[in-house]
Amino acid sequence: MLTIQHKDTDTRARTGIMHLPHGDVEVPAFMPVGTNGTVKAIKHRDVDEMGYTLILGNTYHLYLRPGMEVIKQSGGLHEFSSWKHNILTDSGGFQVFSLATFRKIKEEGVRFRSHIDGAYHVFTPESVVEIQEAFGSDIQMALDVCTPPDISHKDALEALRITTNWAKRARKRWDERKEGYEGKLFGIIQGNFYEDLRKRSAEEILELDTPGIAIGGLSVGEPPEMFRDYLHYTAQFLPEEKPRYVMGIGTPDYMLEAVEAGIDMFDCVYPTRIARNGTCFTQEGLIALKNEKFRLDTTPIDPSCDCEVCRNYSRSYLRHLFKAKEILGPMLVTQHNLHFLYRFMEEVRASIRENRFRAYKQDFLKRYGKGL
RNA sequence: GGGGAGGUUCCCGAGUGGUCAAAGGGGGCAGACUGUAAAUCUGUUGCUUCGGCUUCGAAGGUUCAAAUCCUUCUCUCCCCA
């Protein structure tokens, strides 16, 4: 499902085309998150026009609301939400992790309470594959056990053991998918922040030979150096020919690090969330539009950006929208941030093709002002 | 003209003798946000040489002590004429 186009000469970075049921995706790629079947504060059509061909949806959320009946009735998530390109759905493993107060993990599956009405539900690796198949997901994720950075080796091992078993069962259930469903299954590597467990998880997940591989359990609150170290450590075990996905990262510095480690895909709520809270990406780093210093600033968010927002609106006006709590503020900044990241990934891909990724990374971070 | 209610820190609004520089909202300012229970959350918001100083419509008074009690003045709102 992946055609590698170019490998960087001095890092593990590569470019390629990922072939999916709803069209090709150029990688490395950032995937906007649309948890509830919508990338928040922006129309799918606008996301499409920016160039994105793969976005996320969330099994946990969509299963609870609107529920399977509604999505099946529309013929799947694409039709339901009017998105013609690819959708990757997360398995709910992370929600189980982030809603830890309600979870109960057993061998069979995970029991949890709905954040909407408190009702009890159970996810099993099999049921989650079935749900995602019903959604018509182009990429579906195996149910996993995500853990925080401060747990013991023993606990991490147990989480890993369950993750592997669940992945096996997911793989088996996915093999039994109905004819005509072309969605791909990705296994997820866990192992917390223990090298032996990361290695073991990688081996066990690779053994299952899923179409793509994800690295999970990173960017869960650990320090940046720890993220970087475990990212590179884990990435070295990943096979060349398969798409590699690091889950949950979305700042330019983390993405550059991941690309350098040979990662092809990442997703994150960060760009769209900070947008709704008034923070924008620029070539010179983040700016918080609500700050007083932008009150009379008639320049665009990022003078070097060619997006519709930067071509038409000033920081002063956007600041006003946020101060006045006008809904257009979050909408416009979401549009800018997603455009910014799309352009960013285009530049990253170009730099890889021209064997100058490392220089690009350095230049970018010099301007942007961060780095791991 | 008569009767009633009230003026609190940028705004609204608690507070009726000390534990009050004064609750709580709002607004302002700043920070956070990384497989979305997030158009959310957190901090801060009289001055200060950090010992204090100045604030609760104004002036005066009672008291060891007043935003809180008394007197006068002033302004606002409501009802009746």
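Letters A, B, ... are given to chains in the order of the sequence lines, protein chains preceding strands, and every chain is numbered from 1. Values below: all heavy atoms of this structure, side chains included; hydrogens, waters and symmetry mates excluded.
- Phosphate proximity of B/U36 to A/Asn36: absent, as no side-chain N or O sits under 4.0 Å from OP1 or OP2.
- In this structure, A/Ser219 does not reach the B/U34 phosphate: none of its side-chain N or O atoms is under 4.0 Å from OP1 or OP2.
- Among the heavy atoms of the strands lying under 4.0 Å from A/Asn291 are primed sugar atoms or P, OP1, OP2 only; no base atom is included.
- Ring to ring, A/Tyr63 and A/Phe123 are close: their centroids are under 6.0 angstrom apart.
- Taking the P atoms as reference points, B/U68 lies 14 Å from B/A21, given to the whole Å.
- Using a 4.0 Å heavy-atom cutoff across all strands shown, A/Asp90 reaches at least one base atom of the nucleic acid.
- Annotation: B/U48 and B/U54 have their P atoms spaced 15 Å apart (nearest Å).
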Would you please test A/Lys242 and A/Asp209 for salt bridge (Lys or Arg N to Asp or Glu O under 4.0 Å) and show each step? CA-CA 9 Å; A/Lys242 287 183 182 176; A/Asp209 194 29; 2.4 Å; yes
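- When heavy atoms are screened at a 4.0 angstrom cut-off, A/Gln190 is found touching base atoms of the nucleic acid.
- The phosphate of B/U40 has neither OP1 nor OP2 within less than 4.0 Å of any side-chain N or O from A/Lys40.
- Checking B/U34, B/A39, B/G35 against the side-chain heavy atoms of A/Asn277 singles out B/A39 as nearest.
- Applying the Watson-Crick and G-U wobble criteria (two distances, each under 3.5 Å), B/G6 pairs with B/C75.
- Spacing between B/C12 and B/G2 at atom P, rounded to whole Å, works out to 30 Å.
- The base-pairing partner of B/G46, taking Watson-Crick or G-U wobble contacts with both distances under 3.5 Å, is B/C53.
- Within the structure, a side-chain polar atom (N or O) of A/Arg319 is placed less than 4.0 Å from OP1 or OP2 of B/C29.
- If you take atom P in B/A22 and the same atom in B/C29, they sit 24 Å apart, rounded to whole Å.
- Ionic pairing of A/Asp8 and A/Arg358 is not present here: no N-O contact between side-chain nitrogen and carboxylate oxygen is shorter than 4.0 angstrom.
- A/Gly34 comes within 4.0 angstrom of no nucleic acid atom, judged by non-hydrogen atoms across all strands.
- Pairing of B/A22, defined by two Watson-Crick or G-U wobble distances under 3.5 Å, is not identified with any nucleotide.
- A/Leu338 and A/Ile249 fall within a single hydrophobic cluster, where Ile, Leu, Val, Met, Phe, Trp and Tyr side chains are chained together by heavy-atom contacts under 4.5 Å.
- Of the candidates B/C33, B/G35, B/U36, B/U36 carries the atom nearest the A/His61 side chain, counting heavy atoms from C-beta on.
- A/Thr279 comes within 4.0 angstrom of a base, heavy atoms only.
- Shown here, B/A66 forms no base pair; nothing in the strands shown gives a Watson-Crick or G-U wobble contact with both key distances under 3.5 Å.
- With B/G35, B/U36, B/C33 as the choices, the nucleotide that has an atom nearest any side-chain atom of A/Met247 turns out to be B/G35.
- Ion pair A/Asp175/A/Arg171 flagged as a salt bridge, since at least one NZ, NE, NH1 or NH2 atom sits closer than 4.0 Å to an Asp/Glu carboxylate oxygen.
- Of all the heavy atoms in A/Gly183 and A/Pro21, the pair that sits closest is N-CG, 4.2 Å.
- Taking atom P in both B/C80 and B/G15, the straight-line distance is 29 Å, to the nearest Å.
- No N or O donor and acceptor, one from the side chain of A/Ser98 and one from the base of B/U36, sit under 3.5 Å apart.
- Using a 4.0 Å cut-off, no side-chain N or O of A/Arg276 falls inside it from OP1 or OP2 of B/U40.
- Taking atom C1' on both nucleotides, B/C20 is separated from B/U55 by 11 Å, rounded to a whole Å.
- Between A/Arg161 and A/Glu107, at least one side-chain N (NZ, or NE/NH1/NH2) sits under 4.0 Å from a carboxylate O, which counts as a salt bridge.
- With both ends at atom P, the span from B/C41 to B/G26 equals 10 Å, rounded to whole Å.
- The residue A/Ile188 sits close to a base: some heavy atom pair falls under 4.0 Å.
- The same atom, C1', is picked in B/C69 and in B/A65; the two are 13 Å apart, to the nearest Å.
- With hydrogens and angles ignored, no donor-acceptor pair under 3.5 angstrom links the side chain of A/Asn58 to the base of B/G35.
- Not one side-chain nitrogen or oxygen of A/Lys293 sits closer than 4.0 Å to the OP1 or OP2 atom of B/A30.
- In the set B/C33, B/C29, B/G35, the nucleotide with an atom closest to the side chain of A/Glu292 is B/C29.
- In this structure, OH of A/Tyr60 is placed 11 Å from P of B/U36, rounded to the nearest angstrom.
- Heavy atoms of A/Lys290 sit under 4.0 angstrom from at least one base atom.
- Across all strands shown, B/U40 forms a Watson-Crick or G-U wobble pair, both distances under 3.5 Å, with B/A32.
- OP1 and OP2 of B/G35 both lie 4.0 Å or more from every side-chain N or O belonging to A/Gln95.
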